[in-house]
Amino acid sequence: MGLFSRDPDADSGDADTGSDGSAIWQERGFVASAIVIGAVLVCLLVWVFAGGDNTPTGQASPNPTATALPTEQPTGEPTDPPATPTEEPTTEPTGTATTRPTTRPKPGVGGCKTKNPDQRRPKTTPTAVTWEFEADMLIPLQQEAGPAVMSSAGVRSCFAHSPTGAVVAAMVTLGQIRNPDLTMTVLQERFVANQGRKVALAEGRATPPTQNPETPQMAQFTGFKVLDYLPDRAIIAVAVRLDDAKVASLPVTMAWADGDWKGVLQTDGSFNGEAEPDVLQSLDGYVRFGGA
């Protein structure tokens, strides 16, 4: 069982299992495949979908500016950087919305140290965001939302206790766990200790994560929707664009634990259990948010 589970009711005759143990299955007119690290641990949020009209399209944005993240733990009093605007957009955006920061995030400032972060659900593209590559996937960094800390191993943490902080935490966690050099450390440090994490760690130890050389394309984040938000839990639908005509979304649960947002795995060690990724015909209802 990988971090993205297959529907257990799927016809086993439709599965095409490769030499690395990964499976590609066909359901209701489309093909969905997660990139499997080893045999069971997935490179997150990459699916291949066949056919379909009226899929989202858009021009790529300019290349993002990469910046380094702080490596020390935050110190000093909490800070209060400008809040992320959350008003409804007056017009429907086109393509993937991107933002460029006015200044690069400062070490140990913002994120989980942000005092009184904006508690409104973001309904416009977060501003002052830097997009940085994690392996081949761009992840967002923001002074207010975080992450404010990066460990010596490269794991990012310390996100604002807010809806926007939960969104950024979800994307950063997904991007980092997709990096095979960080998969096991991210599972250990950035997920709630439950049965699902225990299963995922056991699978990872049995089959050490490696980059799948047969990955057909590079996925990038393209939007999100806050499905539910409570002070101790957030459910974020994260949309990923595989190319100009293929977009999918899957809900990711984050929990506020030990002073930070952490991922929550289902009991089978996956993010989604029996739920399948949604094939999006448009990004209506989503906040467009991506670095490419």
Side-chain angles (χ1 to χ4, degrees), residues 56 61 74 77-106 108-131 138-149 156-175 190 192 221-240 247 249-264 278 280 282-291:
S61 300
E77 292 298 320
T79 56
D80 192 10
T84 299
T86 56
E87 292 78 10
E88 291 281 1
T90 56
T91 59
E92 176 68 17
T94 59
T96 299
T98 61
T99 59
R100 290 183 178 276
T102 55
T103 58
R104 39 184 307 196
K106 297 179 181 179
V109 177
C112 62
K113 300 292 289 183
T114 300
K115 182 171 60 176
N116 300 320
D118 191 345
Q119 293 301 307
R120 294 173 294 176
R121 299 186 187 189
K123 297 180 180 180
T124 59
T125 302
T127 60
V129 173
T130 298
W131 291 88
L138 287 161
I139 58 173
L141 318 173
Q142 190 198 54
Q143 187 74 76
E144 179 187 357
V149 172
R156 296 166 168 87
S157 62
C158 189
F159 297 89
H161 194 188
S162 67
T164 300
V167 168
V168 174
M171 288 186 168
V172 170
T173 301
L174 294 178
R190 297 295 306 135
V192 172
F221 296 121
T222 191
F224 67 86
K225 177 166 48 176
V226 179
L227 300 177
D228 192 23
Y229 182 82
L230 296 171
D232 61 350
R233 188 209 64 196
I235 302 176
I236 313 297
V238 179
V240 173
V247 177
S249 173
L250 193 77
V252 176
T253 301
M254 305 297 291
W256 184 257
D258 303 321
D260 205 355
W261 288 111
K262 294 186 178 182
V264 179
D278 289 331
L280 300 183
S282 76
L283 285 174
D284 290 347
Y286 283 74
V287 177
R288 299 178 186 239
F289 188 45

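Keep in mind it's a predicted model, so treat the numbers as computed, not measured.
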**OP:** Indicate the atoms forming the closest heavy-atom contact of V168 with P140, along with that distance.
**Re:** CG1-O, 3.6 Å

**OP:** Go through V226 and V167 one step at a time and tell me if the side-chain contact (heavy atoms from CB on, under 4.5 Å) criterion holds.
**Re:** CA-CA 8 Å; V226 179; V167 168; 3.8 Å; yes

**OP:** Can you sort out the partners of A237 under side-chain contact (heavy atoms from CB on, under 4.5 Å), two or more places apart, ordered by chain and number?
**Re:** K225, L227, S249, Y286

**OP:** Please check if the distance between the ring centroids of W131 and F289 is under 6.0 Å.
**Re:** yes

Original post:
For W261 and L230, which heavy atoms make the closest approach, and how far apart are they?
Top reply: CH2-O, 4.0 Å

**OP:** For D258, enumerate each residue passing the side-chain hydrogen bond (donor to acceptor under 3.5 Å, both in side chains) test, keeping only those at least two apart in sequence or located in another chain.
**Re:** K262

Subject >> Donor-acceptor contact present, side-chain T222 to main-chain A239, <3.5 Å >> reply: no

**OP:** Taking D232 for its side chain and W256 for its backbone only, find out whether a donor-acceptor pair lies under 3.5 Å.
**Re:** no

**OP:** Grab the two heavy atoms, one from Q119 and one from H161, that are nearest each other, plus how far apart they are.
**Re:** NE2-O, 2.8 Å

**OP:** Report yes if some heavy atom in the side chain of V238 is under 4.5 Å from a heavy atom in the side chain of F221; otherwise report no.
**Re:** yes

Original post:
What is the distance from atom CZ of R121 to atom OH of Y229, rounded to the nearest 0.5 Å?
Top reply: 9.5 Å

Subject >> Atom pair CZ (F159) and OG1 (T114), whose distance is rounded to the nearest 0.5 Å >> reply: 11.5 Å

Subject >> Which atom of P147 lies closest to which atom of S157, heavy atoms considered >> reply: CB-O, 3.2 Å

Original post:
What are the two closest non-hydrogen atoms of R156 and R190, and how far apart are they?
Top reply: O-NE, 3.3 Å

Subject >> Approximate separation, where rounding is to 0.5 Å, of T130 OG1 and Q143 CD >> reply: 9.5 Å

Original post:
Judged by atom type as modelled, is there a donor-acceptor pair below 3.5 Å linking the side chain of E144 to the main-chain atoms of G165?
Top reply: no

Subject >> Member of L250, V252, V240, I139 meeting the side-chain contact (heavy atoms from CB on, under 4.5 Å) criterion with L174 >> reply: V252

**OP:** Could you pull out the closest heavy-atom pair between P126 and Q142, with the gap in Å?
**Re:** CB-NE2, 4.0 Å

